[in-house]
Structures are given as C-alpha cells and as structure tokens.
Amino acid sequence: MMKKLLYLSLCLIMAGAPVWGAGSRIRINQLGYLPEATKKAVFISESNTKTQTFTIHDALTNELCATLQTIQPWGSFDKFNSNYIFDFSSFKQEGAFYIKAGDTYSPTIYINQNIYVNATDKLIEYIHSQRFGDDISGGWWYDASNRNRSAVINATVTYQLLYSYNQHPEVFSDLADFQGKKQPNGIPDIIDEAKWGLDWLSKVNYKSEDPVVNGKLVATFALASDVLKNFFPALSADLATKATEIYHFARQNIHTASLNNLEDILTEENWKDDMQLAATHLYFINYNSEYLQDALDFGAAEPVPQWIFSNCDKPLQFYPYLNWSPFLLMQVENPLIKKNYQHNMHIALLRARLTAQENPFNIGVSLSENSNNKITALHNLCFTYRKQTGDTTFVNMEDALFNWIFGCNPWGISMVTGLPENGLTPQHPHSKIYIESDKIISGALVNGAISNLCLKNTETERQTYDGAFERYQTEWAIYHDHVNDFITNQPNIDATASLLHLLTVRQANGEKKEFFDKNQYDRGGINRFNPDKKQIAIIFTGHQYTDGYKKIRSTLNRHKVKASFFFSGDFLRKAGNAKKVKKLIKDGHYIGPATNHYEQLADWNGISASNMRKTSFLNDLKENYAVLKKLGVNKQQAPFFNPPFELYNDSISKWCKDVGIYLVRSTPGTYSNLDYTFPEMRENYYSTKEIMDKIMQVERSNGLNGYILQFHFGTNPGRKDKLYNSLSTIIGGLRNAGYQFTDLYSATNLISEPKPEQHVQKKNKSKK
Ligand SMILES: [Ca+2]
Ligand SMILES: [Ca+2]
C-alpha cells in the first residue's frame, strides 16, 4: 500500500509540473553487485532527456561518493524516448548507495563480496518447499499449481542442482537436514535436494517412455554417480549401472518412440539434445569411445540451441533450453571437436547479440512464454563460452541477462519472489500456495516477460490489468505482478534451478570464494561471530562518561589489541571528546555510531519506543554520522552500529541493513556489559570481580569462541571499582587461554575493511 501511495503521489507531482526527466527511472540489479564486477544500470525515460553525468551517493547520509560520465546513449525505444546505459564498474566501495541523474534516483544499490551466497540458499529452500508426497508417489510441484510427475521436469531440476554443485562445491552450505529441518546433516543442502529428485526418478518406468525422458534420466543418473561418490557410495554405483542400462534400452528403441507431437503444448520437440547429453556423461564414466561417437552424432543434428533462432517457441518445445553437452565435450583432448563446438556456440551467441542490440536492456532472447528459462539459459551459454574460450565478446550481454532477472528491466522488479528481501519483488505470484493462503514462498523465479506478439500466439484470453506497471508495458515486453497472470507471473521451478547456476558462478567469482555466514543473530543483530575460531572481539560504548579513556587506550595499545568504539552524537560533540576520538582513530581502532542522543530504541521485549519509525530512526543515525564525518570517519568506514543499551528489534536491524549497516551487540552471558552498574543499584550491581569471574566461568564451560565482549567507555562516578582498571588482566588471561583478539571486519566477515586510501589504515602506515 505504501508503495502504491508513493507511486500515486509521484505521478501527481509529475502530471502537475513537467520537470526534467519526467517519467524517468533508473533500473538496477536490486540483489547487488560484486565490488570488482562490471556494474551497469539502465536509465529509461518517457521524455526527451539529455544526460552526461550521474552521481553515486551513500544510501543513508546522501554523501557524494562518485561523479561519473561513463554513459552510453541508446536512443529511443518504443514509448521510452531516451535511454542510457550507466556504467559504474569503476566504483568499487562496499556498502549501500544510490545513483542520481538529474531529478531521477535509483533504488538502493548494494555492493558487497557476499551478496549472492544467501541467494543460492534461498533458491534451494524454495525448491525444497515444492516437494510433495513421499519419494515414491511425490515429486516437486511444477509451475506452482499442478502436481508434477513429469520425469522431464524433475530430471532437469535434479540435473541442474547436481551440475551447479559440481562446478563450485565450495559455495554451497549445509544448513538443514534432508527433511529441511534447520540442523546440518553433513551434506550440502543442494545435494539433499538432488537426492530427493534422484529417489523419485529412480522409480520412473523408463521402458514405456521416449528418448526425451530417457536421455534426461541417463544424464542425471550418470552425473549423480560422479557427484555423489563421497556422499552415497552405494547409490552412486547403482546409478552408474542404471544409467548404462537405460541408455542401451533407449538407443535400441528410438525408432519406435512417438516424436514431434506438437499438438500438445507441453510436448518436447527435440530429443537428440537429450540423448547427446546422456551419451556424453556415459563417456565420462567409462571412456568408451562408442559413447563419444554417439554424442558427436546426436550433436550434429542440433549444433545450436534452436530457440535462439525462433520467435514464439512454446514452453517445452526445445527443452531443456540449454544442452550442457558441447561444453563437456570440449574437454575431450581433440582439437577438432573443441573447434567445432566453439564455432557453433559463437554462431549462436552472435545471433543472440543481434537480438540484444534491439533493446536498451541488451536482452538477447525473444520474449516468448517462459522467457526466464531462456534468459537463464542464454546467460549460462555466455558464461560457459567465455570460460572455455577466454573470449569476452559477449560479457555485456551476460551481465545484462543476470541484471534483468533482479530488476534491471522496464518494471524495475526482481523476478524472484522475496529476493532481495528488502527489494521490489513479485507480490502476487500465480501460485497455488499464494492463492490459497496468501503466503509467498521466497526464492522462486517466475516465468517472466512476454512480447505482445507471442502473447497473442498463446491464444489465452487477454485480460486487462491496471497498476503501476502498465506504464512500462511495450510491444516488446509485457509483465504483470498479478495473481491471474499465469503466463508471466507463475513460479517456475526449472528456471529457478537454472538460476542457481548464475548465482553460483557469480559467487565463485567473488574474492571470498568460501564464504558462509557463520555469525549468530538475535533479532537481526549480530551477537556472536564464527564459533569455530578461537577469537574474541572487544567493543566499547560511550555516551555520557569518558573516565575510562586513558586506561582503556593505554591497555589496548600495550596489548596491541584493536577494539571497536561506538559513540553517540552527543558524546562526539562534547568539548574535549573529539581529541580523544582522533587519538583512538590514530591507534587504528574502529569508531562507529550509537545514535545521536543515545535514546532507547526499544524496550527489553523488543517493543519499539514511542512507535519509532524508519525515517526518524535513520535521520537520527544520520546526525550521528554527520558528527563522525567531522572527525574524519565517513559512513563507509563505519558500517557497524551498536544500539543504545543494546536494545533493538527486528525492524531496527532491518532498517540498518537497508542502508548498508550491520547491527552488533554483545554475546549474552558474560556480564561484561554490566560494568556500568554502581552500588546504589543494589541487587543489580556487579563488581569487577564478579564480572571477571563470570567471563572466565563461561570460558571454562562453553569457551568464548566468537564472543563479542562489550564494555563501557566510562561509568557513573558512583562506581569506584572500575572494570577498565582490570582490562589488562582480562586480556592477558584470555590470551593465555589461547584467544586472539580481532576487529569486527575480520570477525564478522560480512564486509571488507575500507581500502588504504581511506584514513584508518593510512594513518597506521605512516606510523610504521
Ligand atoms: Ca544438509
Ligand atoms: Ca530436448
């Protein structure tokens, strides 16, 4: 509703006063970009606009971070009179930003090393949620409304799960067991899910089926026999045998199969692609050259994906869109085979690029029904071709296809439900679960946009829709976020499985290849980091008192410990405090915000204080950052936030995340943060000895791995027994017990410490 109102009011403003860039939008990948990646946005405008520069700003403070002129004009397209491609690849800071061009603002842009990791988990969770029945009579829901016992779809989903895992096992996590219960079972969740598919596929009676099914079964079983070797050795051996058996059956019975039955919309037209993939995988199991010859023969019938050359192909006509066989066969030591397949792929990609050049979004597929299957397939083709040949000719198209899925499209919507969490995503998917319970399951890629021409060909009754998106419909591309639109807005499980590969290879391209979020969260705030490492982070919070300054500073320096300090705006403005903070910066400590006036944000139960609203909270935080900036700390250098009294709720930590800030609090249980208490608090008072004993008691019973110990920068004068006087003993004791002290960047592993040109490290350097 908020979005609708906002949209309406924007329309009214624009209708009332035609301004520069009326009807202009900047479309971005809402999921985010890797720092080192090519980063592009598309500017579309209904009016004639001239734009030569754009700027990048911090999402919270609005601080200008870059002014860029890397703009490529595209000209006019359908109802959009001016279109530009904004290239901000040179901007490599991590955090949350937005682009501004004239009066036009983009949504929040996230740049981070790890943005795609949780996304792969989400997709797998979605596929998991689509299981029904048991492994004999069940399967996965297909197209979100029909129970699917189609071996074609199930085999394709299973194959893609196995394929993605096999390419980059390092990016997949084990968060749940086979049933999806949140407890690791020693098997990556993507393999748990593939196992479900395999169990079901093993029951398929292949003898009555045609080669489109059998080919897929063989390829899936053969790939599984390789991938599952270490997880399920017995099953792996069985699958290899079964694959061979089915292949020989299929090979002998090809001539009797009923093919080319296009009467039924869901009938697959091509089968040699499937048999080629089957023969290819068998060849890689036993290196029998007969399989290789078969694979080459079948492949000769369909050298390039046929849908690249067709316009309104039907959903399963050329299934499964991408045949991985050529890429696998290029690994065979035979220059002729390699050259031949390279050549074929190049031709296919050149044709796709011609299509891409006809629209400002650089999309190289014809938008027929289930276009997102083709978008993901073409992306995977671009990527694999580039990987195999080193030829980067099609990399722009590759990026554009990826960005399209997550919001760089005319409607500015991510086509994946609930991803990103805080983005504009389908709110009314055509799915059984949504229709019956109003619930949207995250992580599903919907069918995607369709051209008006292909929509007419579907012969479905045209419906009229209204809403914010109608403005962006063109002859080229139509999409409705409407529950009735089963053509464009229906969750699509095999396209989702194919999207996994896009996210997998992109995450594997990140600098931190192996990343799992090992932090522990309470209400969205980090309250402990990686429990596998014998490391501790020390943080201090300061608002009213400064009496600990000298002792804390000298102790940390003596022990060479880098700590984190969180100061309120009031603290930072107080005379004399700036000098202290500057010295702490010089020592190399982290300095971050604790709100402007250190007012309680929520009560102990997480209920917001005085109906706290997002804007007032963020404005308050902005004030805190403004004072920090005067001391030389900009927001990019202070991405961690510690709330007053460690009180907050889910909304507050989510609002922080929206603007690129991570909420951090102490790990409960050690009493470290009770060092502010004073004797008048009677039974609530904790002496330094009590606190120290408690810390060491927790250490002995549970260990303090990944603990965040929070202390106060100064305390009420009523407390004479100051804990900071014993800080040296605490640090020394924990060091003797084998702990290292770490900063929040390396502790949480969520964001990289700003590069050396920014002040903290620079000052360290000059000191050395
Ligand atoms: Ca698991
Ligand atoms: Ca096929």
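We number each residue from 1, following the sequence as shown. Order of appearance sets the numbers: ligands from 1, and atoms from 1 within every ligand.
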Could you tell me whether Lys314 and Glu269 have a side-chain N and a carboxylate O separated by less than 4.0 Å?
no

Examine distances only and state if a side-chain atom of Thr458 and a backbone atom of Leu455 form a donor-acceptor pair shorter than 3.5 Å.
yes

Would you call Lys195-Asp199 a salt bridge at under 4.0 Å N-O?
yes

Do Tyr291 and Tyr247 make the cut of ring centroids closer than 6.0 angstrom?
yes

Sorted by chain and number, sequence neighbours left out, salt bridge (Lys or Arg N to Asp or Glu O under 4.0 Å) with Lys181 holds for none

Kindly say whether Asn527 contributes a backbone atom to a donor-acceptor pair with the side chain of Thr667 at under 3.5 angstrom?
yes

With sequence neighbours excluded, residues passing side chain to side chain donor-acceptor pair (under 3.5 Å) with Lys387
Gln167

Please work out which of the three classes, parallel, tilted or perpendicular, describes the rings of Tyr385 and Phe394, given edges at 30° and 60°.
perpendicular

Shell check on the Ca ion (ligand 1): protein N, O or S atoms less than 3.0 Å away are Asp174 OD1, Ala176 O, Asn185 OD1, Ile187 O, Asp189 OD1, Asp192 OD2

Residue and atom names of protein N/O/S atoms that fall under 3.0 Å from the Ca ion (ligand 2)
Glu268 OE2, Asn270 O, Asn270 OD1, Asp273 OD1, Asp273 OD2, Asp274 OD2, Tyr319 O

Quick test of your reading of the model: are Glu290 and Arg251 salt-bridged, counting only N-O distances below 4.0 Å?
no

